[in-house]
Structures are given as structure tokens and as C-alpha cells.
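The structure's right below; bear with me while I get my questions together.
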Amino acid sequence: MCSSLELAQKLLGTYLVKSDSNFVIAGEIIETEAYDQFGDEASHSFRGKTKRNDVMFRSGGYLYVYFTYGVHYCCNVSADKEGRGAAVLIRGLKPLTGIDEMIKRRYSTNKVTEKQKANLVNGPAKICQAFNINMSNNGLDLLTENIYIARGNLDSIYSIKASQRIGISKSKDLLWRFTADV
DNA sequence: ATCAAGATTACCT
DNA sequence: GGTAATCTTGATA
């Protein structure tokens, strides 16, 4: 598996999919951030392996879920090789399938304003809420389980824009946030 | 044992 | 633009 920097860009345009018993929900990944063990003080893995960040140190393709601010879950895809603490935070999606289900989970109603619709999955914790991803999914193998990444329509190639990562205080200068521009 | 900070969000002015 | 909500982790003693 490639580095987190590389993976963060490769994931743009792919689909994050979760199949539950009665439905499938999916969104196209349009915003990501790379985190790495070395040279990146903002990374959970910067000070080495712990119980919490263990999944970051696995080889690429595992789901790393963490709980933060006492409220929110965020999900990442582990990157790089075994022993290297690297991952990509999924920050933004374009809703594709199972939108009603996402709305229900986010707003516990099926009637929403345009504004709410626009804010459905445009943040890492919002995605976890809409997909019902939590610590029980931490360490899940994205190759064999009910949450996975699907290759999208290759026609939809965006220009990739790099920028500063959101919500961090250290290593702010790194341009490791990637967005898909139409 | 204690404590500060946190890869966020929603709601307020 | 500011802030409360809310709790776990990791660092320090």
C-alpha cells in the first residue's frame, strides 16, 4: 500500500460504501486529509503506537475509527506498510445512495431544509453519523467486510486541490488536505 | 491520580 | 465569529 499522502489523493472520486442488512449507503469521496507518523505533529501516530492508534500502524486498507470531543466519531483508511503509522481521514462525501437513510440518522426526521441537505456529509463526524460508523467498526478490513471503498466512474476525474488541514494546531503548514474540484 | 487538549459540530449573536 | 457539549487519551506526578 502507498503512503498516506498518495492514498489521500487516490481516494478522491472513489465511493465509500456500507451495506447494512436492508440497504446500501454510498457517497463519493471529495475531501480527504493525510496523516503520517513522521514529520507530522498533528498525527495521532506521531508519538508512536498506542492502544488508540493501533490500526494506523497496520498495512493499508483497514478502517481506523476514533472518538473525539466526547461526541464524535471520525473514520480513516490506514495507509502505507505494516509498522508505519499512517492514515487518511475521510472528510467529505457527495451523497449517492441511501440518502434517506443518511438523513434519518443525521437529523432523526425525513423532512429537511436545503441547508441541512447540503450539510449532510460534509464533515468527518457527519459521515460517521450518516453511515452509523462507530468504535465497533474500528480495525475492520475494508477488503472483506461490509464497509469498503469502490472504484468510481473513471470519467469523473477532478482537479485535485491541496490545502492546509482543518482543526489542527500543529504541523499546520503541510498542504495535506485534498479536495476534488469540479 | 490528575489534567489539558482534542483530525468536530451545532447553535448563538 | 464565538462557544458549549462531553469524554477519552496520553502525558506528567
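Order of the sequence lines fixes the chain letters, A, B, ..., with proteins taken first and strands second; residue numbering starts at 1 for each chain. Keep in mind that the numbers below use all heavy atoms, side chains included, and drop hydrogens, waters and symmetry copies.
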With no hydrogens and no angle check, is any side-chain donor or acceptor of S43(A) less than 3.5 Å from a backbone partner on D40(A)? no

Distance between P atoms of dT2(B) and dT6(C) (Å, rounded): 23 Å

Below 4.5 Å, heavy atoms only, C-beta onward: do V17(A) and I149(A) meet side chain to side chain? no

Which residue, K126(A) or S169(A), contacts DNA chain B at a nucleotide closer to its 5' end, judged by nearest heavy atom? S169(A)

First-last contacting nucleotides on DNA chain B - partner chain A, under 4.0 angstrom, heavy atom: dG6(B) to dA10(B)

Residues K49(A) and N53(A): side-chain donor-acceptor under 3.5 angstrom: no

Measure OH/Y66(A) against P/dG10(C) and give the value in whole Å, please. 13 Å

Side-chain hydrophobic cluster, 4.5 Å single linkage: members besides F38(A): none

With a non-hydrogen cut-off below 4.0 angstrom, is R106(A) in contact with a base, only sugar-phosphate, or nothing? sugar-phosphate

Got a salt bridge between D54(A) and R52(A), using NZ or NE/NH1/NH2 to carboxylate O under 4.0 Å? no

Taking the side chain as every heavy atom from C-beta outward, state whether I90(A) and V77(A) have any atom pair closer than 4.5 Å. yes

Give the other cluster members for Y64(A), using side-chain heavy-atom distances under 4.5 Å between Ile, Leu, Val, Met, Phe, Trp and Tyr residues; answer none if it is isolated. Y35(A), V55(A), M56(A), F57(A), Y62(A), Y66(A), L89(A), I168(A)

Rounding to an integer number of Å, can you tell me how far N134(A) CG sits from dC7(C) C1'? 16 Å

So if I take residues 37-64 of chain A and measure heavy-atom distances to DNA chain B, which residues fall below 4.0 Å? A42(A), H44(A), M56(A)

When you compare the side chain of N146(A) with that of K18(A), does any pair of heavy atoms fall below 4.5 Å? yes

So, with a heavy-atom separation below 4.0 Å from DNA chain C, the residues of residues 72-96 of chain A are none

Quick one: do the S163(A) and R177(A) side chains pair a donor with an acceptor below 3.5 Å? yes

Within the 4.0 Å heavy-atom criterion, would you say F67(A) contacts the bases, only the backbone, or no part of the nucleic acid? sugar-phosphate

May I ask you to test the L120(A)-I103(A) pair for a side-chain heavy-atom distance under 4.5 Å? yes

Using a distance-only test with no angle check, is there a side-chain donor-acceptor pair under 3.5 angstrom linking R106(A) and Q129(A)? yes

Convert the base pairs of DNA chain B into dot-bracket notation, remembering that pairs crossing earlier ones are written with [ ] and that bases paired across to another strand are shown as |; include only Watson-Crick or G-U pairs under 3.5 Å. ||||||.|||||.

Can a salt bridge be assigned to the pair R165(A) and D36(A) using a cut-off of 4.0 Å between side-chain N and carboxylate O? no

Would E41(A) and K170(A) pass as an ion pair if we require N to O under 4.0 Å? no

